[in-house]
Structure formats: C-alpha cells, structure tokens
Protein chains: 2
Amino acid sequence: MTDAPAARRGIPGATVARLPVYLRALAGLAATGVDTVSSEELAEAAGVRSAKLRKDLSYLGSYGVRGVGYDVVRLREEIARELGLQYDWSVAIIGMGNLGHALAAYSGFATRGFRVTWLVDEDPNLVGSRIAGLTVIDMDALATQPPAGLIGVIATPPTAAQSVADRLVEMGVHSILNFAPCVLAVPDGVEVRKVDLATELQILAFHEQHARAELGPLADLAAVEVADARQEATS
Amino acid sequence: MTDAPAARRGIPGATVARLPVYLRALAGLAATGVDTVSSEELAEAAGVRSAKLRKDLSYLGSYGVRGVGYDVVRLREEIARELGLQYDWSVAIIGMGNLGHALAAYSGFATRGFRVTWLVDEDPNLVGSRIAGLTVIDMDALATQPPAGLIGVIATPPTAAQSVADRLVEMGVHSILNFAPCVLAVPDGVEVRKVDLATELQILAFHEQHARAELGPLADLAAVEVADARQEATS
DNA sequence: AGGCGCTTGTGAAGGCAGGCACAAAGTCGC
DNA sequence: GCGACTTTGTGCCTGCCTTCACAAGCGCCT
C-alpha cells in the first residue's frame, strides 16, 4: 500500500484503504441478488482473511447479526457513508496529456461516486477544446470558482506538478491524487495520495529478479538476454 | 500501499517499496550535478525521515561514508541493481481501452528501465492495428512466445481480468500489475500489485469528509449541494 | 599527529497491524 | 420453550515497521 496516513475518528488507515475493496465486493454480491453474506464469504470476495474483515467492519459499528451474517444492502450503505460517498465528489483533472485524456474518459469514476467536473491544462492549444464532453480550461479559470470539496488529480509532467499542487492548495483543495512521478510538498491538512506507475513496475522487477535468483544461475540467462537486446537498441 | 508482501533476502517489503522513490530523488540530484548527498538531504528530496532512509539503505549494505554522506552515482547503481534494473524488463499491456492506450504511450516506463514490448487485445478490430509504434496482437499470439521475465499489465475491464491473469500465469508470468478494479486470484509465487484509481479517490473522499466534519455543520452544506446536483442529473 | 565536528549505521523502544481463538449472541429445529 | 448450531465481535499475542538516540567511523583543521 502506499502510505497509510494518520487515522481519523479512530479508524486505522489500513482499514480505510480496504473499505473501497469491500464496497466493490458488496456491489458484486448485490448485483447477483445475494442479500446476506457471512464474513467468510465476503472476505474471500475481497481477498482478505475473515478475521481481518470482521475487525475492519467492527470499527464502523455492529452491523452484523450473529449466526447470520451481514445484510448486503445495509453494509453497503454504511461503508459508503463512512467513505463519504452519499454524495458525488467533484474531480478536477489537471494535465491533459496521454494520462489525463485517459482519466477523463475513464468510466470507472462516475460509477463509484465521482464526477469529473473540470479538465485543466496550460497549453493554449488545448484550452477551449472539448474532451470527453467537457471544455478544457486553464488554472486561472479553475481558480475563479473553486468548489468546496474538490478533489484534484495531477496528471502533468513532474516538472509542473509542484506548482499545480501549490495553486490547488491555494484555492482550498485539500485532497490530491498525484500521478506525476515526484514528491509533492504540501501543508498539514492536505492529503496527497500518489500513484506512480513506474514505481509499481520497479517493485515488481525486484520480486521478479529475486524469484529468478532462487531458480539458480541457469534461469538468470533469460534476463541477460533482455540486457543484450537493450544494448542493441541503444547502440 | 498497496500490500507489502513478504520480504526476500531480508529486505522488508516496506523498504523495497521506497527504493524507487530514492532512485528518483538520486536521479534528480545527479542531473543537477550533485555528487555527494547526506541522508538528511536525500530524505528531504524523497519525502521521508532521515533515520528511515538510513535504515532502508543499510539493508543494501554500507555504501555511505561517515562524516561525508553517500556518493550519488554509486548509490544509484546499488539501488538499481537491487531492484534488478541493470537490464530492461519487457512489459506486455493487455487491454487497449482508454487506459491501455495511455499506458502504451506513456514515456515514463522507458526512462525507468522498462520496455513495453507487447500490446494485447481480444477485439479483432484492434488486433493488427498499430499503437505507439507496436502492432496489437491477441493473447494466443502472446502465448506462443512467452519471454522469461515478462511483466504483465492488465488494463482490461474487470470482467475479463481474471481470465487474462490465468492465461498470463499459465504462460509463466509471475509479476502482474492490475489496473482492473477487481480481486485477482493467483497461485503462490505470482506477485500481483494493484492500482485502482477509484479506490484512491474513495480514500481521499474519506479524509475529505472527515476534514470537513471537523469544521462544523456549516461547512458541510457545500457537499450537500453536490448531492443535490447529482439528483438533478440522475432524475 | 591529534583532536574535533560531522554523518553514518544500528541497537532498543514504541506503535501499529494482523492473526488466533473464544465468549457473546442470535437463529433454527424439535 | 429449549438446546444446539452458526457467526459475529473482540481481547490477546505476535511480528513488522518506524522512530529515537547514540556509539562508531571518517575527514579536516590545526
């Protein structure tokens, strides 16, 4: 997991990070008509241990019935409320490059309680154009009407990310999702979560390398071939 | 973080997850001509505490010089080696939707030790077309030449993700990065890291809601407005 | 050559998260 | 109406990660 920051209202950060997974699992169960689920079943659907699931849910209150399980609809509502999903949250995507484009068109946000409301870019050629049904604006235009509860998504090159973050903070945003591969400095009270694609791959590479090392030197040759291919390409 | 799995070779999972961040910070320092850095400076650049940084680096060995600091070039090499980045890793992206497209075009992979080598999709209309300089193939074609050390990136809809994962495992892949919002079941020895964009936003929503609650009921009204707007849109 | 100041590397302590196991509590069958 | 069965909620323990604090080590200055 990326960083699990300080817990609020007594709910551990690790638990908060898992609630969306439970919510997803519950949505799947509800779609198939299940109306009651045991911690064992739900845990399997969510990919965790049942004891962990029960402990997580216990932080929300006692919404289960002993001997029976959890009411799917009720539990869904409770988790959604805990996550603040009883209303949609507005999302502004800053940076309309490859990634920003894809995010703007990504349907997964709308179905999970979020509405992409603003698309922002600095490039004059992009400002004014329409992407995914929205008109691209610049940061100044966004700053004129900073809505309360806005979540900022930074999809700019890393060089621009800090200044964008500064401006977001300035206009009162205190939740930022950062796709730019860099460290953002923000004041206390502003929550930054980062998604770094290359970092994830590098972590996988570590495991891949060490899994390979355990197979002995023979298995290592395959990776060396990759290295050779690289040299060909760069020479 | 997503899950920090079992450590190998004694390096804690939490440390492995931070090594890429250090690597990035070192690259930045090297670009500005710095050749020696103290743990304090590097920690600041990486957004961590210096004690944590030193402990992390100590797992790799003693590459620092007391009273001086760390040699930037040397430390970079050591971390890169530990992560297995002395050679490029091949990456196959499965699912050429919005996200898959953006990932294929994302330049951040190539500059960090990865080469997108295969683009895969099931749609006959897409197979054979060219995206970002590569020809899209289908899973069968990928299976004919499963290269050792391949990392699979799943960018399909969630309904297809499990079957894609099964096929990847079948062809010997044991490192998977999953963008589909679902839980993947894989055998032991296969490493799955997941990136779920909506989950990240939901975690932010939790913090946003509770940060707001602390400001009192007045501040809560703004969010309710958003809820009203939603009802208008859905009615 | 010797001492001084700076920085690393690490033992120890504290805190958080995960897993186990069981008592509490509710339902179902008879 | 009562007992047996099922499943939740949770206290305790264990292990990992983080933080603190300091001794060890290195270079530099005198």
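Quick note on labels: first sequence line is chain A, next is B, and so on, each numbered from 1.
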Report the distance from atom CG of B:L53 to atom C1' of C:dT7, rounded to the nearest whole Å.
-> 12 Å
Given side chain to side chain donor-acceptor pair (under 3.5 Å), test B:Y63 with B:D71 step by step and report yes or no.
-> CA-CA 8 Å; B:Y63 299 125; B:D71 181 88; over 6 Å; no
Nearest-Å distance, CD (B:E41) to P (C:dC6)?
-> 14 Å
Side-chain donor-acceptor pair present, A:E191, A:S175, cut-off under 3.5 Å = no
Give the rounded distance in Å between these two atoms: CG of B:L57 and P of C:dT10.
-> 11 Å
Hey, is B:R81 close enough to B:E77 for a salt bridge, meaning N to O under 4.0 Å?
-> no
Calculate, to the nearest 0.5 Å, the distance between atoms CG and CG belonging to B:D35 and B:L29 respectively.
-> 10.5 Å
Distance in angstrom units between B:R49 CZ and C:dT10 P, rounded | 22 Å
Indicate whether OP1 or OP2 belonging to D:dG9 is found under 4.0 Å from a side-chain N or O atom of A:Y70.
-> yes
Tell me, yes or no, whether the heavy-atom count around B:E44 atom CD, taken from other residues, nucleotides or ligands under 6.0 Å, exceeds 12.
-> no
So which protein nitrogen or oxygen atoms get under 3.5 Å of nucleotides 28-30 of chain D's nitrogens or oxygens?
none

Bend angle of the helix from C:dA1-D:dT30 to C:dC30-D:dG1, from helix axes over five pairs at each end, nearest 10° | 0°
Any residue of residues 61-68 of chain B with a heavy atom less than 4.0 Å from an atom of DNA chain C = B:S62, B:Y63, B:G64, B:V65, B:R66, B:G67, B:V68
Salt bridge between B:D196 and A:R112, side-chain N to carboxylate O under 4.0 Å?
-> yes
First locate atom CD of B:E82, then atom CD1 of B:I79, and finally report the distance between them rounded to the nearest 0.5 Å.
-> 9.5 Å
Taking CG from B:D56 and C1' from C:dG9, how many angstroms apart are they, rounded to a whole number?
-> 13 Å
Record whether the side chain of A:K55 comes under 3.5 Å of the base of C:dG19 through a donor-acceptor pair of N or O atoms.
-> yes
Which pair of non-hydrogen atoms, one from A:T36 and one from A:E41, has the smallest distance, and what is that distance?
-> O-OE1, 4.4 Å
Does a side-chain N or O from B:S39 land closer than 4.0 Å to OP1 or OP2 of C:dT7, or not?
-> no
With respect to the phosphate group of C:dG18, does any side-chain polar atom (N or O) of A:K52 fall under 4.0 Å of OP1 or OP2?
-> yes
Could you state the CZ-C1' distance from A:R74 to D:dT8, rounded to the nearest angstrom?
-> 15 Å
Quick one: sort the B:Y87 and B:W89 rings into parallel, tilted or perpendicular, breaks at 30° and 60°.
-> perpendicular
Taking atom P of C:dC16 as reference, at what distance in whole Å does atom OH of A:Y59 sit?
-> 11 Å
Whole Å only: how far is the CG atom of B:L60 from the P atom of C:dT8?
-> 15 Å
Compare side-chain N and O positions of B:R54 against OP1 and OP2 of D:dT18 and report whether any pair is under 4.0 Å apart.
-> no
Please check the phosphate of C:dG18 (OP1 and OP2 only) for any side-chain N or O of A:R18 closer than 4.0 Å.
-> yes
Are A:V48 and B:V183 close enough, and set up right, to give a side-chain contact (heavy atoms from CB on, under 4.5 Å), and what steps lead you there?
-> CA-CA 10 Å; A:V48 300; B:V183 176; over 6 Å; no
Quick check: are there more than 12 heavy atoms from other residues, nucleotides or ligands sitting under 6.0 Å from CD of B:E78?
-> yes
B:R167, CZ atom: more than 12 neighbouring heavy atoms under 6.0 Å | yes
